[in-house]
> 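I have a structure here, written as structure tokens, and I will follow up with some questions on it.
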Amino acid sequence: MKSVTERKIIQQGFMDRMDEDELLNCMRCGFCLPSCPTYIESGFQELQSPRGRIALMKAVKDGLLEPDEDVERSLSLCLGCRACEPVCPSGVKYGHLLEEARDIIQQNKKQKAPVKTVRNAVFEGLFPHQNRMRTVTSLLGIYQRSGLQKVTRKIGFMKLFPESLATMEKVLPKVPKRKEMNNRPEFLPAEQKRLKRVAFFAGCLMDTMFLETNNGTLKLLQKAGCEIVIPKTQGCCGALHGHSGEKAKAIEMAKLNIEAFEHTNADYIITNAGGCGAFLIDYDHLLMNDPEWYPRAKAFKEKLKDITQILVELDFHKHVSLHLPNQCITYQDSCHLRNVMKTAEAPRLLLQSIDGVQYYEMKDADRCCGSAGIYNIVESEMSMKILDSKMKNVIETNTTTIVTANPGCLLQMKLGIEREGLSDKMRAVHIVDLLIEALND
Amino acid sequence: MISQIVKDRLISIVGIENVDDSKAGRLVYSYDATPQFQSLPDIIVSPRNTQEIAEIVKLCSEFKIPIVPRGSGTNLCAGTCPTEGGLVLLFKHMNQIIDIDEENLTITVQPGIITLDMIHAVEAKGLFYPPDPSSMKISTIGGNINENSGGLRGLKYGVTRDYVLALEVVLPNGDIIRTGGKLAKDVAGYDLTRLFVGSEGTLGIITEATLKLIPMPETKKTMLALFQDIEAAARSVSKIIANRIIPTTLEFLDQPTLIAVEDFANIGLPTNVKAVLLIEQDGSKDVVDKDMEKIATLCLEENAESVEIAKSEEEADALRTARRVALSALARLKPTTILEDATVPRSEIAKMVRSINEIAEKYQLNICTFGHAGDGNLHPTCLTDVRNTEEIERVEQAFAEIFEKAIDLGGTITGEHGVGVMKAPYLEWKLGKEGISAMKAIKTGFDPLNILNPGKVFAKDSRKRVVIST
């Protein structure tokens, strides 16, 4: 139970910081309800809907309600998929409200010592430091390659962890060796004619655990006619921090990235992870109260594009021949790519332009898969419910390949395949890796 | 407040997981989609079947606890706002299709099913359930029945009432009754089915419904007619119907609404005209073609600037979407959107639209108008800000005048949203004192303890009618 003073401080935070206009903008029409995964999976509980959560935030701000455990629970059970935003008649910026509310609660909450230590280690010690990310990832590589993984599995060590984490251990990609992660040139020329100059946002996880996908992205960009700059000083996008109530740290990361990309003189900044892209595109909101940084954030935002968008814009799929052995494919939207970056057509178009591919749209492809950053670990139960519903729709399509556009979704879909015991007939793959496979060099 | 004894008994009826009296839980059921209404219930209960509802009702009648039945809370008359506290009854467990009877062309459902889910199930069998309230993606069929919801197809096909054949109802004393049946003809006694439809949860709790289905129409066409004169558009509506054509849909949007919709949806709507009519006809191909041709001629005779039939289903869908997002688009312009529901005989549409504009000007308010012109059901929508108390007062005065005008033209204070709390003060204008007494007698007959959705439909005080010079 939170102490009285703690609740009072949090309440004051709501009064001071929550955007009243945005809260009032919610007309409570309920149009968001059918799009909300937690509302549906909780058996239609208003408390687990966007309309309900906004009502809670407003009630705390208005002094009608104390920020008790139930309020905090409701806010933390939100995936932050933002599927409620495109369907909202009033255009309420739900994602911004949620981030602010989580930050207020997180920053004013007395944490138990172990929680504090873990949060510090992850948010301060690990993600902001790409070299440490490399170290941790390479440790994972050693674990995978040394035979330790086999031993761990054999003795059932992972059974001590939540189910999602235990399965996750099985589906993590084979990570590259440390040496491969270190050497990346800062400039890559276009293949043949240069059409655009782009800057590549490498990401933290994407540039370690998913290095292959990043390499593939660069190759696709070069083939599409882009010369590429990869600023060395860039870092993690800050999404993980922003979504977990660590706003100050997220702002720090945002500034670092804006600075890193400002002098690249690029037409576009390219991302290949929906989650990062959506956070980057919101930098202007994050920095809106900073007169110096706001215009710089705005300029940054305007250049941002997902890899699939630029490929379609440059008619990549018309200029190269894409071919795969006959297979049926379906696409799982990255929530943030679709709902925030508004990119839904481009990946589908690219997939449909591959020879040999039969594309099937799955039911509710736009609904969150339950990955949502670290949600599948901290809210394992709800996440697995959402995943199981998702897998039902996947299985109905009778496809053998699930394509995604975000590392979190990719791992979650792999996890889903594993849970359904389908790993011998079905695979999940990032769209970039599939396009690389399909290239007829 | 609910005592521990009552709470324990509720738990013994529905199980602990279906009873919630936490502060956060109560707060999120303190409102519906109606602006400016909020009130905390004491407890939220989610029964799993009719029997449990009967037991809950008996318990509430023993302790005189108000019961507010609630679907998805999308209504616009504060009908599901628990203004007197008490127990909010949720239907989230009762959302099943019981059967689709293809021989009798009926569907029987539990009240908690989302209307669109039900429509999808019906259409999968090649059948048609015409009522299509704009909220159908969210609202439940139980809510539609209780509010007697309308929709875009109301002109030709009628409203929810016209499709309800039978009901199972728990009465305020806990009795379970069944009204109607899968029958085309049934004159056995009073028509209780019709009485419960639109009763706004004040007479009984609907726990099952059998609805009429019809065959799916063969074809459908969609047309957009543009006008530089609002009244010419309104006259076209009257003329189409006077010429014995009943289109499926005959929708009206004024210029401010058009501009807002186009800004939001970017589908190439004409924003330089004063009004548009969105017209649809369905049926056999030759009849549809003939009707659309005749409608086009009639609009052009009334000086329509242009008349265009959608070339493809995509184009038609874009036009329908444009109408459906009207409220959405307007909602983005100001913090508070008050959507009203004044209805007149369709011959009076032109006069009503003109009066709305005059009243908006008189009170210096931003009122956009769109709606179901074909059935006379208009939605004057005021864009305002609840924090501006002085303006909100003017909004109330303006709407009072709009209702007054509607009644003077032979219309009503609500065409499809219901009375709830929102319109209760105006009900007497429409019914007269005697009408209210008759209705109250029915209410008292069914619910002498006044435990079912109290405070709705009947106001403590009626507003005085203003007198408008015409």
Side-chain angles (χ1 to χ4, degrees), chain A residues 7 19-36 39-77 84-93 342 363, chain B residues 17-18 20 22-38 40 44 46 70-76 80-81 88 90-93 95 112 114 116-117 134-140 143 264 324-339 385-387:
Chain A
R7 281 198 302 247
D19 184 339
E20 190 186 15
D21 283 343
E22 207 59 73
L23 288 170
L24 265 172
N25 235 342
C26 170
M27 57 197 275
R28 311 190 297 205
C29 62
F31 277 38
C32 53
L33 300 179
S35 75
C36 176
Y39 175 69
I40 293 163
E41 294 299 338
S42 71
F44 310 107
Q45 284 186 45
E46 183 84 16
L47 195 58
Q48 304 307 346
S49 76
R51 178 171 69 172
R53 293 187 177 111
I54 290 174
L56 293 179
M57 293 184 224
K58 186 169 183 298
V60 173
K61 184 182 172 74
D62 292 348
L64 248 174
L65 185 69
E66 284 192 336
D68 60 14
E69 310 295 325
D70 295 328
V71 173
E72 196 185 327
R73 182 83 199 105
S74 165
L75 295 179
S76 62
L77 204 59
C84 46
E85 288 186 29
V87 295
C88 174
S90 299
V92 174
K93 305 275 186 297
K342 314 274 182 227
K363 186 175 169 251
Chain B
E17 68 282 9
N18 290 313
D20 182 6
S22 69
K23 277 187 188 163
R26 288 161 59 213
L27 188 110
V28 297
Y29 293 106
S30 64
Y31 53 81
D32 54 30
T34 321
Q36 292 174 284
F37 287 92
Q38 182 152 22
L40 286 174
I44 295 96
S46 312
R70 176 185 166 114
S72 299
T74 58
N75 81 86
L76 292 160
T80 44
C81 179
V88 165
L90 295 184
F91 287 89
K92 59 183 194 180
H93 297 310
N95 60 359
I114 305 288
L116 189 62
D117 291 347
S134 295
S135 59
M136 65 183 167
K137 208 175 164 186
I138 317 134
S139 56
T140 60
F264 169 47
R324 287 208 194 96
V325 299
L327 170 61
S328 322
L330 289 170
R332 291 181 183 235
L333 301 180
K334 286 296 281 291
T336 310
T337 311
I338 302 181
L339 171 72
D385 186 338
V386 282
R387 289 165 294 187

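Chain A is the first sequence line, chain B the second, and so forth, proteins listed ahead of strands; every chain is numbered from 1. For clarity, every value in this text was computed on a predicted model and none was experimentally measured.
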> Got a sec, which pairs hit ring pair (Phe, Tyr, Trp, His ring centres under 6.0 Å) with one end in residues 43-74 of chain A, sequence neighbours left out?
A:Tyr39-A:Phe44
> At a heavy-atom distance under 4.5 Å, which candidate from A:Asp70, A:Val60, A:Leu47, A:Val92 has the highest pair count against chain B?
A:Leu47
> Sort B:Arg70 into side chain, backbone, both or neither according to what part of it lies under 4.5 angstrom from a heavy atom of chain A.
side chain
> Which heavy atom in B:Tyr31 sits nearest to a heavy atom in B:Phe37, and how many Å separate them?
CB-O, 4.0 Å
> Chain B heavy atoms under 4.5 Å from A:Glu22: which part of the residue, side chain, backbone, both or neither?
neither
> Give the minimum heavy-atom separation between A:Leu23 and A:Met57, together with the two atoms involved.
CD2-CB, 3.9 Å
> Please report the shortest heavy-atom distance between A:Ile40 and A:Pro34, naming the atom on each side.
CD1-O, 3.4 Å
> Run the salt-bridge test on A:Asp19 and A:Lys61 with the 4.0 Å N-O cut-off and return the result as yes or no.
no
> Would you mind checking which part of A:Leu24 comes under 4.5 Å of any heavy atom in chain B, side chain (CB onward), backbone (N, CA, C, O), both or neither?
both
> Quick one: which of B:Asp32, B:Thr74, B:Leu327, B:Thr336 has the most heavy-atom pairs under 4.5 Å with chain A, could you say?
B:Asp32
> Could you tell me which portion of A:Arg51 (side chain, backbone, both or neither) has an atom closer than 4.5 angstrom to a non-hydrogen atom of chain B?
both
> Need one label for A:Cys88: side chain, backbone, both or neither, based on atoms under 4.5 Å from any heavy atom in chain B.
backbone
> Under 4.5 Å between any side-chain heavy atoms of A:Lys93 and A:Asn25, yes or no?
no
> Quick check for you: among B:Gly73, B:Ser139, B:Ser135, which has the greatest number of heavy-atom pairs under 4.5 Å with chain A?
B:Gly73
